[in-house]
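Note sheet for the following structure.
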Amino acid sequence: DMARLKSELQQHHHDLYGASLKEKMVARSPDIARKMSGKKAKLMNALQSNVITGRIVKSVLGLDARRKLPTYAESTWTMSRGKENSLDDAKTPDVILLADTYTECHHPQSGLAAIRLLEHLGQRVLLLNAGCCQRPRISHGFLKEAQERLVPVLEKLKPWLSKEIPIAVLEPGCASAWTDDIPDLITDRTLAEALKKIRTFESLLLEVMQRSKDASSRIRPIASEVVVHGHCHQKSIFGMRDMQSIFAHWPEVKYTEIDSGCCGMAGSFGYEAKHYELSKKMAERVLIPAVNDHPDALVIANGFSCRHQIEDFSGRQSVHIAEAFEVVETTNKRNTTPHVRI
């Protein structure tokens with residue numbers, strides 16, 4: 001497991017020689033995102049997009065000036081839902097979605113789309129903002145910090161793990177952290193095994209669709225052709241079969257899965273000035289030509305960083321699979337009450 005060995009070696013290096021400011025900032029980016037999204041988002045986005053201040057920020061962090069930094073959401077995923085639902089409504093959910101940092105703080109529209117789909121298919125959805133899975137810290141060798149930060153997060157999550165309620169997360173890198181990395185970092189083996197049951201959103205959506213007799217008539221793809229790029233963690237740990245099986249419900253929709261390997265972004269890797277050209281070459285090897293070869297197709301990429309890579313080098317907007325469908329209103333739709341917890 002090269003990724004795990006790399007993280008452990010980095011932790012050993014940090015212990016011996018310390019860590020640079022850039023490494024610390026990247027590792028702690030979830031903390032920054034959760035502080036800067038919401039009320040402070042407009043100011044932070046303005047500073048990042050400003051030619052002078054934006055260049056200073058990128059220079060300090062060692063990021064390439066040609067990259068666009070991810071914007072912060074002015075209304076986070078949980079903020080958007082909290083205005084519409086009371087805490088008391090969410091006592092017996094059918095499914096649980098974990099509010100990962102990327103969806104919560106940067107791209108809440110995919111999270112809102114996910115909830116809308118599940119609710120339209122008759123599910124009572126619990127949105128659980130337990131905290132960050134510590135993916136950036138784990139990936140950059142801050143394993144001791146990750147273990148410490150996970151203690152309160154796991155305490156919030158633990159009561160739900162024993163209830164046999166499906167738990168899913170939208171971001172593939174976060175899903176792999178919950179199921180593969182975190183179980184290796186904690187000593188409670190019972191809890192570790194329970195965490196391995198957390199799943200990707202597409203796995204949950206497929207299961208819900210399979211339980212519904214009329215799912216394919218209650219939701220439908222927003223395009224007649226879709227091109228899919230799989231996130232590295234998604235492909236290596238969970239596989240792409242669930243994505244394929246979902247779209248198999250609509251034989252008339254042309255489904256193409258790009259054999260693209262890594263998009264070249266790999267979290268913060270592609271943002272770094274020293275890796276920009278390599279990142280670009282990786283993207284342009286297969287992924288970008290394939291996207292350009294399908295100008296009328298909807299491009300789906302569940303990875304947050306993958307979507308940024310596609311936009312940077314093709315100019316195309318890609319979406320999370322949750323955003324790839326529209327709901328179809330029917331007169332005999334089952335009446336359900338949304339259940340959401342913040």
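Start at 1 with the first residue, then count along the sequence. No hydrogens, no waters, no symmetry mates; every other heavy atom, side chains included, goes into these values.
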Applying side chain to side chain donor-acceptor pair (under 3.5 Å) to Arg81 and Asn129, what does each step give before you reach the verdict?
CA-CA 11 Å; Arg81 294 296 293 180; Asn129 191 12; over 6 Å; no
For side chain to side chain donor-acceptor pair (under 3.5 Å), just list the numbers for His107 and Glu323, CA-CA rounded to whole Å, side-chain angles, deciding distance to a tenth of an Å, and then say yes or no.
CA-CA 11 Å; His107 199 79; Glu323 301 171 89; 3.3 Å; yes
Could you go through Arg135 and Ser176, starting from their C-alpha distance and side-chain angles, then the distance that decides it, and tell me whether this counts as side chain to side chain donor-acceptor pair (under 3.5 Å)?
CA-CA 9 Å; Arg135 163 53 65 203; Ser176 69; 2.8 Å; yes
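Side chains of Asp312 and Tyr276 form no contact here, defined as non-hydrogen atoms less than 4.5 Å apart. At a threshold of 4.5 Å between non-hydrogen side-chain atoms, the residues Asn292 and Phe313 do not count as touching. Counting only heavy atoms from C-beta outward, the side chains of Val226 and Trp250 never approach each other to under 4.5 Å. No side-chain heavy atom of Trp178 sits under 4.5 Å from any side-chain heavy atom of Ile167. Residues Gln234 and Met240 form a side-chain contact, since some pair of their non-hydrogen atoms from C-beta on lies under 4.5 Å apart. The shortest distance between side-chain heavy atoms of Cys133 and Ile182 falls below 4.5 Å. Under the 4.5 Å side-chain criterion, counting only non-hydrogen atoms from C-beta, Trp77 is not in contact with Ser37. Side-chain contact between Glu171 and Thr101 is absent, with no heavy-atom pair separated by less than 4.5 Å.
Annotation: the span from Arg218 atom CZ to Glu329 atom CD amounts to 9.0 Å, rounded to 0.5 Å. Rounding to the nearest 0.5 Å places CD1 of Ile222 at 7.5 Å from CD of Glu326. Once rounded to the nearest 0.5 Å, the distance linking OG of Ser203 with CD1 of Ile198 reads 12.0 Å. Atom CE of Met243 sits about 11.5 Å away from atom CG of Leu206, to the nearest 0.5 Å. Atoms CD1 and CG, on Ile321 and Leu298 in that order, are 10.0 Å from each other to the nearest 0.5 Å. Between atom CZ of residue Arg149 and atom CZ of residue Phe142 there is a gap of 12.0 Å, rounded to the nearest 0.5 Å.
Using modelled atom types, one side-chain atom of His249 and one backbone atom of Ile246 make a donor-acceptor pair closer than 3.5 Å. Of the possible donor and acceptor atoms, none in the side chain of His229 sits under 3.5 Å from a partner among the backbone N and O of Ile258. The backbone N or O of Leu185 sits less than 3.5 Å from a side-chain atom of Gln147, completing a donor-acceptor pair. The backbone N or O of Met79 sits less than 3.5 Å from a side-chain atom of Thr76, completing a donor-acceptor pair. A donor-acceptor pair is defined here as one N or O able to donate and one able to accept, closer than 3.5 Å; no such pair exists between the side chain of Ser212 and the backbone of Met209. The main-chain N or O of Ala301 is found under 3.5 Å from a side-chain atom of Arg307 such that the two form a donor-acceptor pair. Side chain of Ser110 to main chain of Ala322: no donor-acceptor pair is present (N/O by atom type, distance under 3.5 Å, no hydrogens or angles). Listed for the Gln309 side chain is a donor-acceptor partner under 3.5 Å among the backbone atoms of Ser279. Put simply, the side chain of Glu104 gets close to the backbone of Thr78: a donor and an acceptor are under 3.5 Å apart. Between the Asp100 side chain and the Thr103 main chain, a donor and an acceptor come within less than 3.5 Å of each other.
Connectivity analysis of hydrophobic side chains (ILVMFWY, heavy atoms under 4.5 Å, direct or indirect) links Ile237 to Phe238.
Taking the six-membered ring where the residue is Trp, His275 and Phe269 present parallel rings, their angle staying beneath 30° rather than reaching 60°. Ring orientation note: the planes of His231 and His233 are nearly perpendicular, at an angle over 60° on the 30°/60° scale. Classification of the Tyr255-Phe247 ring pair by plane angle, with boundaries at 30° and 60°, yields tilted.
In summary, the side chains of His14 and Glu145 do not present any donor paired with an acceptor at a separation below 3.5 Å, with no hydrogens or angles considered. For the residue pair Thr71 and Gln48, no side-chain donor N or O sits within less than 3.5 Å of a side-chain acceptor on the partner. Looking at Gln244 and Glu257, their side chains do bring a donor and an acceptor atom within 3.5 Å of each other.
Remark: Lys158 engages Glu155 in a salt bridge, criterion side-chain N to carboxylate O under 4.0 Å.
In summary, of the residues considered (Val208, Asp94, Val95, Val327), a side chain to side chain contact (heavy atoms under 4.5 Å, CB included) with Leu121 occurs for Val208 alone. Each of Gln134, Gln11, Gln10 was scored for a side chain to side chain contact (heavy atoms under 4.5 Å, CB included) with Leu143, with one residue passing: Gln11.
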